[in-house]
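Here is the structure we will look at, set down as structure tokens.
A note on names: the letters A, B, ... follow the listed sequences, proteins ahead of strands, and every chain is numbered from 1.
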Amino acid sequence: MRSISFAQAINEALSEAMRQDERVICYGLGVDDPKGVFGTTLGLQEKFGDHRVFDMPTAENAMTGVAIGASLNGIRPVMTHQRLDFFLLAMDQLVNNAAKWHYMFGGRRSVPITIRLILGRGWGQGPTHSQNLQAWFAHIPGLKVVMPTTAEDAKGLLLSSIFDENPVVFLEHRWLHNVQGHVPEGDFRIPIGKAHVVREGADVTIVSMSYMTIEALHAMEFLEKNGVSCELVDLRTVSPLDWDTVFNSVKKTGRLLALDTGSATGSVAGEIVARVSMGLWSSLKQAPRRLAMPDFPEPTSPALTQGFHVRAEHIAREVAEMLGKAIDHGQIAAQRKHPHDVPGNWFNGPF
Amino acid sequence: MRSISFAQAINEALSEAMRQDERVICYGLGVDDPKGVFGTTLGLQEKFGDHRVFDMPTAENAMTGVAIGASLNGIRPVMTHQRLDFFLLAMDQLVNNAAKWHYMFGGRRSVPITIRLILGRGWGQGPTHSQNLQAWFAHIPGLKVVMPTTAEDAKGLLLSSIFDENPVVFLEHRWLHNVQGHVPEGDFRIPIGKAHVVREGADVTIVSMSYMTIEALHAMEFLEKNGVSCELVDLRTVSPLDWDTVFNSVKKTGRLLALDTGSATGSVAGEIVARVSMGLWSSLKQAPRRLAMPDFPEPTSPALTQGFHVRAEHIAREVAEMLGKAIDHGQIAAQRKHPHDVPGNWFNGPF
Amino acid sequence: MNQRNPSVIPAGLPSGGAPSSQAKALLFSMKRIRAVEETIASRYNEQKMRCPTHLSIGQEGIAAGVGLALNRDDFMMSTHRAHAHYLAKGGNLPAMIAEIYGKVTGCCRGKGGSMHLVDEEAGFMGSTAIVGNTIPVAVGLGLSIKLRNTNQVSCVFFGDGATEEGVFYESVSFAALKKLPVLFICENNFYSVYSPLRVRQPEGRKIHQLAGSLGLPASHGDGNDAVRVYDMARRAVDGIRRGAGPQFLEFTTYRWREHCGPNFDNDIGYRTEDEYLAWKKRDPIVMLQESLLGDGRATREELDGMAATAQAEVDGAFAFAGQSPFPDPSEAYTGVFK
Amino acid sequence: MNQRNPSVIPAGLPSGGAPSSQAKALLFSMKRIRAVEETIASRYNEQKMRCPTHLSIGQEGIAAGVGLALNRDDFMMSTHRAHAHYLAKGGNLPAMIAEIYGKVTGCCRGKGGSMHLVDEEAGFMGSTAIVGNTIPVAVGLGLSIKLRNTNQVSCVFFGDGATEEGVFYESVSFAALKKLPVLFICENNFYSVYSPLRVRQPEGRKIHQLAGSLGLPASHGDGNDAVRVYDMARRAVDGIRRGAGPQFLEFTTYRWREHCGPNFDNDIGYRTEDEYLAWKKRDPIVMLQESLLGDGRATREELDGMAATAQAEVDGAFAFAGQSPFPDPSEAYTGVFK
Ligand SMILES: Cc1ncc(C[n+]2csc(CCOP(=O)(O)OP(=O)(O)O)c2C)c(N)n1
Ligand SMILES: Cc1ncc(C[n+]2csc(CCOP(=O)(O)OP(=O)(O)O)c2C)c(N)n1
Ligand SMILES: [Mg+2]
Ligand SMILES: [Mg+2]
């Protein structure tokens, strides 16, 4: 199968959805500009016209309400924001309207909108271009929250999101846009609400989402060389969360390390630790653990983000500690070939 | 000591703060109207003038920014919203500005604002007048989140909040406004970030906040008659959370039941279960538990809220189950003298 | 497609044509709304309608006028104070009363209450309890109309207070930018809860002028003159349907009773009894009735007949609501997702 | 209290009085800003300034004019594109460059970067990276001035894009309602990132007219004519200081380089090279320079002296930033609360 980037996979999903169903529209700041939201919306306006693909005013709250209203009459809007942080302006429409519409109007009508939010990190994004607030969305009944890691999942889940009958918050980590992967052509869907066991393993269950899955894979490769076998569950959807898959894995390994790209306190990883502790008490061999962002805003200076985010070495260290093994996890960082604040040398700012 | 209501205690705290410090101002929709925000702001404008106590336009986002700006020049604004739900319009100002200001500007300046939000419940408040989103605020580094239960704590914590140098979200549960209690006169403070061991006990630690503490007390009274001794920790502040007090109690009892007025998934109670599970593994005698709102919006019809919220009988049942005791918890509900959707017969709507 | 709202027009009154039959349709619509609201008021203290309820008594002229100007398949959205709009658009009355009583036969199966009404069959797409937050939703409906290329209009009601929200400004601007088929109706009753305009809006602001400066035709009129409201709304709707883009109408009016609930509250100090009485003299129903009687377009008997027809329908609706079952408690735990 | 911003006025130029000395102060301020921005641009690709950086080259006239019209103890707030404003208000230049380099000597100790600047000693109260979100904060400063009864003015800069946010509307309305001492400055450079006005704002909208209809005096001018900007700002500030309430000024201008970063991007298709060249001909620095030389108010040597003075200061600032230490990584974990 051909290999394309996560960003191209998003672009393909949008294109496929719009081709299939003329009710799908796509708007947001810059969707039709020369950069095309990190390449994800390039060419769509040319293909589908400016009535279906359009730029918008900087008015996040109303434009979310507009999506809701359009969806009540059969349109399927996909709205995009270049950073999640900007979307804080639209919490009223998202939470008071979109999330509740189907319930509060007695099931008469749902709100099939998809909201793409990009999660920033590193290279000076700073406090207001880096927030990973999936825990907020997951706390609100009525929202589906999707966080793909691979290009394949990005395409399959975005198509499922667009054709889902409910509001979906679709979170794209900026460090994933250039990740390559094999992606089927055409209409290809991954169901919302299904986690993926990326690697089977025996000793520890690692539960991750989005970019954390990449770091977990690096850590596991290293751990494997050191004789430690982890099972990696990539959530893909954080709400509704696939508790069965998580529970089945922890039942098998008896150990849990939950990862999160957001701040630790009140994180989705915390919820996973809580549910596993409450529900799988007797299967657990030891205390569950969590690795997440510290409870601080992301600082801007590269000197301050050094060591700030969870990386493979931290994951390896944590797993080693759980198993009481001495492992030289420092090797992982030593082998990294690019500065700590970029996902790879392809990235040189600004966003 | 004289006994006053929670609402009067809030009123006294505001009055005391404004008397002491002319930099304190107080505004919000209806603060100077004949109802005075459930009585909490009555008389303030007469005492302190309409330059310090004033109504405002229905413009929640800008008015939060206004509070931030005023606080940068030494003013201490107390802003009030009759429901938390309305404040969803102001998340940009709260999260992107207030919470981060001190950090992102290198500690040059903090934002000493207090935001009073009233949490609805029952009597037909319905989906958009009943949200308990403390978990959202607690997830944001840089916010303090206070949730008093008693009149005494309400006064002491509000005074501490107003004179705190940081942004404080002060959450008042609507069902508490008429609760009576002994409250010291004058300037009386309870420190932010300190939980209160309301009752000592041996068998189970119940961690609660705000109105859940009232239900827990009812449950414990009943449990005590049945020979079960609970320790009740009223958090009072949910961020920063007093982990020492929670941990010390669980170390003693070996059992945890965490209560929350918000939706279960991603709740503060979940974070407590997670941290206790991770940190006190070997002290726990059994799986920790959580009781919180179901993951559904609050419906309007009284037929649908019947059994919807956590009540004393649920707490008693849960504790009894943990201890393997058979207890007829149905008695608690049977003894209740007013409809299930009001805190007492003093309440007859609409808000 | 082009028929008027049938349910607001009593048998025997033609649904268009001569001015006098329109006037009678307006009068009946108002009387019917008034009968509903008065009945709610008189029974509210029974504590069986257990949800916040905002009455429109005194404000019926606007709902009636705008409702008559719209087609059944046009869209309408509204606010916390939505009963009149829902009814004027042809919304199902028994389903509304049942909703307020929390019954399973309610338009939201009891989940929404008075502040959340919906009847999509009548084009009433929803009302919500957050000030200003249906405005962009109605604009989104307008966008959908344009995309689907139908000939509908999306109409949204909101109060003077709602125009203070940023989302109002953003929504009107977007409708103007895209020339969407949206009719904005501001019901200016001079108060937001207990707060008069002067503590909320800059001195000298005229809401319709402000709206005009955002980029769409805007005018204002007396909301207690239902015929005038109808004329203005009709003209606006015609223009919008011709593709001329959105329009804005502000109507002044007055709420007679308390902001939320059944009582009069002129004694508590935020407004004067005199102010209330002056507005009461301008009762939109009485004014239209007198005009019809005055020039002989209607007889006293006709009017009594309307009142009786309306009251019978209202009584039926209350009986329906009363007899309807409550939803099963388990329904609270369903319906978050479709 | 009444002194002009000292740091923007080169030695030998008096800080007020004759028009020619004001013009020279403006010219120096612009040249200094330009020198800073050009130096950033030329060194940005070294990848040592690791944060998004929005340059103001071409737009200096507005910052210089408004900056000179304000007193040092007046307040100023700004946006993602804040360098020019910070400098024109007298903000500490070395601390700004150090901030962009992520150094501990930066005005935010490295935590904020280019998009978060602050120098309270110069009255520069902060700039942030969320479009529109300093506008209400500046209005809150205005409220504080009124409450504390000082004679200050609170000035806020924002772009044409920011006027699309509801919070802009809410903030201007509140300032007008309470007659707060706020000076709103809209820098209309016709673009928000790559988006021209026509895809964002209703046809025919004039931002200053819109602002005027919100309830405050509003006018507009050529932002590339620094003297005119200064005159208008000075008059507005005088009125505000006399207690006449808020004012709004819109200035048109043009950003020469890409939205964010150091490059030119007229080739990528969202605007034309011709448009850029037309604006470049109207370089605010060249225009003022030619005027001064033309009527003999300044000599070529004087101007060269200014350029040299500015560049020396800029070089010093970059040297300072380069030599400054990074913050200790542990600082990332402090300072959430005071
Ligand atoms: C965002 C928000 N803020 C505040 C409220 C509280 N509230 C409910 S109704 C109302 C009055 C609104 O006034 P207006 O828009 O003039 O409508 P009216 O009640 O006069 O019909 C207010 C402030 C709310 N529901 N939502
Ligand atoms: C709320 C929000 N939405 C979107 C963005 C992305 N963004 C950053 S700068 C910018 C352009 C704003 O245009 P304008 O206000 O005209 O300022 P200019 O860049 O032209 O100086 C945008 C849209 C943001 N930072 N914040
Ligand atoms: Mg009103
Ligand atoms: Mg611009």
Nearest-0.5 Å distance that lies between atom [atom1] in [X] and atom [atom2] in [Y]:
| X | Y | atom1 | atom2 | result |
| --- | --- | --- | --- | --- |
| A/Ser71 | C/Leu143 | OG | CG | 11.0 Å |
| C/Glu170 | A/Met56 | CD | CE | 9.0 Å |
| A/Arg23 | C/Ser144 | CZ | OG | 12.0 Å |
| A/Phe54 | C/Lys178 | CZ | NZ | 5.0 Å |
| A/Arg108 | C/Cys108 | CZ | SG | 7.0 Å |

(request) Just give me the residue among A/Leu89, A/Asn97, A/Thr64 that pairs up with chain C most often, heavy atom to heavy atom, under 4.5 Å. (result)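 The answer is A/Asn97.
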
(request) Look at A/Pro57, A/Gly106, A/Pro240 and state which one has the largest set of heavy-atom pairs under 4.5 Å with chain C. (result)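 Highest number of heavy-atom pairs under 4.5 Å: A/Gly106.
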
(request) Evaluate the salt bridge (Lys or Arg N to Asp or Glu O under 4.0 Å) criterion for residues C/Glu120 and A/Arg109: first the C-alpha distance (whole Å), next the side-chain angles of each, then the deciding distance (0.1 Å), finally the verdict. (result) CA-CA 9 Å; C/Glu120 292 202 358; A/Arg109 178 65 69 163; 2.4 Å; yes

(message) Between C/Val167 and A/Asp92, is there a side-chain heavy-atom distance shorter than 4.5 Å?
(response)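 No, every pair of side-chain atoms sits at 4.5 Å or beyond.
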
(message) Is the shortest side-chain heavy-atom distance between C/Thr128 and A/Lys100 below 4.5 Å?
(response)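 They are not in side-chain contact.
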
(request) Answer with yes or no whether the side chains of C/Asn133 and A/Asn96 bring together a donor and an acceptor at under 3.5 Å. (result)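 C/Asn133 and A/Asn96 do not have a side-chain donor-acceptor pair below 3.5 Å.
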
(message) Heavy-atom cut-off 4.5 Å, strictly under: side chain, backbone, both or neither for C/Phe168 against chain A?
(response)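 For C/Phe168, there is no contact with chain A at all, as no heavy atom is under 4.5 Å.
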
(request) Below 4.5 Å from any heavy atom of chain A, which atoms of C/Ser154 appear? Answer side chain, backbone, both or neither. (result)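 C/Ser154 has no heavy atom closer than 4.5 Å to chain A.
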
(request) Mark yes or no for whether C/Arg148, through its side chain, and A/Asn73, through its backbone, hold a donor-acceptor pair below 3.5 Å. (result)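 Yes, because the side chain of C/Arg148 sits within donor-acceptor range (under 3.5 Å) of the backbone of A/Asn73.
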
(request) Mark yes or no for whether A/His102, through its side chain, and C/Gly335, through its backbone, hold a donor-acceptor pair below 3.5 Å. (result)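 Answer holds: yes.
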
Is it true that atom [atom1] of [X] has more than 12 heavy atoms of other residues, nucleotides or ligands lying nearer than 6.0 Å?
| X | atom1 | result |
| --- | --- | --- |
| A/Glu22 | CD | no |
| C/Glu121 | CD | no |
| C/Lys146 | NZ | yes |

(message) Can you see whether C/Phe337 has A/Lys144 sitting over its ring - NZ or CZ less than 6.0 Å from the centre and within 45° of the normal?
(response)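 Yes - A/Lys144 lies over the ring of C/Phe337, closer than 6.0 Å to its centre and within 45° of its axis.
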
(message) Cation-pi check for A/Tyr103 against C/Lys338: NZ or CZ below 6.0 Å from the six-membered ring centre and within 45 degrees of the axis, yes or no?
(response)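 No, C/Lys338 and A/Tyr103 do not form such a contact.
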
Please report the shortest heavy-atom distance between [X] and [Y], naming the atom on each side.
| X | Y | answer |
| --- | --- | --- |
| C/Leu141 | A/Gly69 | CD2-O, 3.3 Å |
| C/Pro136 | A/Ala62 | CB-O, 3.4 Å |
| A/Phe105 | C/Leu117 | CE2-O, 3.5 Å |

(message) Please rank C/Val104, C/Leu180, C/Val139, C/Leu147 by heavy-atom pairs under 4.5 Å with chain A and give me the top one.
(response)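 Most pairs with chain A among the choices: C/Leu147.
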
(request) Please flag which part of A/Ile25 lies under 4.5 Å from any non-hydrogen atom of chain C: side chain, backbone, both or neither. (result)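 Side chain only.
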
